[in-house]
Number of protein chains: 2
Amino acid sequence: MRPLHPKSKEEILAIAIPLFAGSGYSGVSMRTIAQNVGLSAAALYHHFPDKQALYLSAMAQAFVDKADSLEKILSSSATSEKRLSQFITRLCELVHQDNDFSMLIQREMMNGDEARLQLLATEIYHDLFQGVTELCQELNPQHDPYLLAISIIGLVMYHFQTAAIRPYLPHSKEQHNDPQVVARHVTNLVLLGLKTA
Amino acid sequence: MRPLHPKSKEEILAIAIPLFAGSGYSGVSMRTIAQNVGLSAAALYHHFPDKQALYLSAMAQAFVDKADSLEKILSSSATSEKRLSQFITRLCELVHQDNDFSMLIQREMMNGDEARLQLLATEIYHDLFQGVTELCQELNPQHDPYLLAISIIGLVMYHFQTAAIRPYLPHSKEQHNDPQVVARHVTNLVLLGLKTA
DNA sequence: GTCTATAAAGGGATAGAC
DNA sequence: GTCTATCCCTTTATAGAC
């Protein structure tokens, strides 16, 4: 029987990415992926040699083209305050609409493979992080630009990385998941914290 | 044959905690834990009814000791600014000296198991988080205390959760891993950000 | 390109001896 | 309190038909 919709690698990865992001490498079986894609487990091995290869392809796919719009904001001609505000807002939007991205990165950082970490830092993070440190230096040269850059990125990322458990904490509200609300909160905290420093 | 060194729950948990921190729940088998403890897998079931219970005990064990010193700071009679500063400093110290702690928390927060998330939020995180939100409300009632509490905790945690990859980023220095330096940076950012709000 | 069937290994958990 | 032995299920991966 010929399948009505033969699956491409991209279709499989689109299903696998949120699964790996949500449960990690060992928390997702090939059967689970196959079931979600609508294939038998064996069929996956026609597209990828093994589970590791499927996982690494999913990582690469998830990282594609995420940094472009952020770098465009950083290198615009607006005031440094405006660029900070726009950067935070855009990062909130990106992470909100594709939280798998930050989850995968976080899991990768915790798995401690030095070679993969170095690759991640130099190939994916470097230019963007460099741009943020330069913006930080413009905003307030008295601060350590590295620490400030980590803080700004961390402020945004942490709100969305904790999205799964935050609803069960006291005082949780629907709006706390709204990227606009989080962006405004973070922007205020950082901008005001810098002005008086 | 009588065992020379019968194992206590605490001894088992002390072995299990770094294993779960490093590889996550599904990345660690009962056989692996048993092997590291120096027991057969079956013996573990004398101490814990199942793997879930062992894991939850490990989480509680890893967290309760830490939470105590933090809650003591939150409920002290110092000014709210002093309590914030001390809380941030203590959290930096805790997370710096015991990386398993933050790794376990982060893995748990990214985990998709709704039932376990709810249990952890209500049974383990609730009181501490409640204390932080109350402090936030004291510091500046105009801010959303929930968002501010997440931001404060996230600012600290992110610096240490990214410790593995940060050395490969531009402008990285040795001092960026010093809990005192990070604590001062975060405290300044938050306190100044609130004063002018 | 996908299927069914299956091998081989590893996982959680229990039974019963000591 | 711990052991060995075992049950039964899941997992990764392969073989071969269509």
Side-chain angles (χ1 to χ4, degrees), chain A residues 1-61 104 107-108 111 113 116, chain B residues 1-61 104 107-108 111-117 119-120:
Chain A
M1 181 168 64
R2 193 167 301 173
L4 292 175
H5 296 290
K7 300 297 194 293
S8 68
K9 290 191 189 217
E10 286 70 27
E11 287 176 273
I12 295 169
L13 294 180
I15 301 289
I17 285 168
L19 292 175
F20 281 130
S23 304
Y25 179 79
S26 57
V28 181
S29 69
M30 294 295 271
R31 277 184 177 162
T32 300
I33 296 170
Q35 209 161 15
N36 279 269
V37 172
L39 286 178
S40 67
L44 292 179
Y45 289 88
H46 171 78
H47 298 277
F48 305 94
D50 56 23
K51 187 184 176 183
Q52 273 281 351
L54 198 162
Y55 173 76
L56 289 174
S57 295
M59 291 281 298
Q61 178 84 354
L104 283 172
R107 288 189 189 280
E108 198 60 24
N111 282 341
D113 183 327
R116 281 236 292 271
Chain B
M1 181 169 61
R2 195 166 300 173
L4 291 176
H5 295 292
K7 299 297 194 294
S8 69
K9 290 191 190 217
E10 286 69 28
E11 287 177 274
I12 294 169
L13 294 180
I15 301 290
I17 285 168
L19 291 175
F20 281 130
S23 304
Y25 179 78
S26 56
V28 181
S29 69
M30 293 296 271
R31 284 173 167 85
T32 301
I33 295 169
Q35 208 162 15
N36 280 269
V37 174
L39 285 179
S40 68
L44 293 180
Y45 289 89
H46 173 78
H47 297 277
F48 304 93
D50 54 24
K51 185 185 177 183
Q52 277 275 353
L54 197 164
Y55 175 77
L56 287 174
S57 295
M59 288 291 300
Q61 175 90 347
L104 277 174
R107 284 190 191 281
E108 204 49 44
N111 191 21
D113 187 328
E114 289 294 313
R116 212 162 66 206
L117 281 177
L119 196 75
L120 279 154

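By convention in this document, chain letters (A, B, ...) are assigned in the order of the sequence lines, proteins followed by strands, and residues within each chain are numbered from 1. Below, all heavy atoms of this structure are taken into account, side chains as well, without hydrogens, waters or symmetry copies. Here the structure is a predicted model, which is why all the values come from computation and not from measurement.
- Side chains of B:Ile33 and B:Tyr55 form no contact here, defined as non-hydrogen atoms less than 4.5 Å apart.
- Atom CE in B:Met30 sits about 21 Å away from atom P in D:dT6, given to the nearest Å.
- Summarising the geometry, the separation between NZ on A:Lys9 and P on C:dG1 is reported as 10 Å, rounded to the nearest angstrom.
- Straight-line distance from the OH atom of A:Tyr45 to the C1' atom of C:dA5: 15 Å, rounded to whole Å.
- The interatomic distance linking A:Leu44 (CG) with C:dG1 (C1') rounds to 12 Å, in whole Å.
- For B:Arg31 and C:dG10, a side-chain-to-base donor-acceptor distance below 3.5 Å is absent, hydrogens and geometry of angles not being considered.
- If you check C:dT2, D:dT14, D:dT2 against the side chain of A:Leu39, the one that comes closest is C:dT2.
- Comparing A:His47 and B:Gln52, the nucleotide of DNA chain C nearest to each residue sits closer to the 5' end for A:His47.
- The number of heavy-atom neighbours closer than 6.0 Å to CD of A:Gln35, taken from other residues, nucleotides and ligands shown, is 12 or below.
- To the nearest angstrom, P of D:dT10 lies 11 Å from CD of A:Gln35.
- Aromatic ring pairs are classed by plane angle as parallel below 30°, tilted from 30° to 60° and perpendicular above 60°; the pair B:Tyr25 and B:Phe20 is parallel.
- Between A:Ser40 and the phosphate of C:dC3, there is a side-chain N or O to OP1/OP2 separation shorter than 4.0 Å.
- In this structure, A:Tyr25 places its OH atom 13 Å from P of D:dT11, rounding to the nearest Å.
- B:Gln61 places none of its side-chain heavy atoms less than 4.5 Å from the side chain of B:Ile12.
- Residues B:Gly38 and A:Ser29 each lie close to DNA chain D; by heavy-atom proximity, the contact nearer the 5' end of the strand is made by B:Gly38.
- Within 4.0 Å (heavy atoms only), A:Val28 reaches sugar-phosphate atoms of the nucleic acid but no base atom.
- Distances from the side chain of A:Ala42 to the nucleotides C:dA5, C:dG12, C:dA13 place C:dA5 closest.
- At distances below 3.5 Å, not a single donor-acceptor pair connects side-chain atoms of A:Lys51 with backbone N or O atoms of A:Ser29.
- Distances shorter than 4.0 Å separate some side-chain N or O of A:His46 from OP1 or OP2 on C:dG1.
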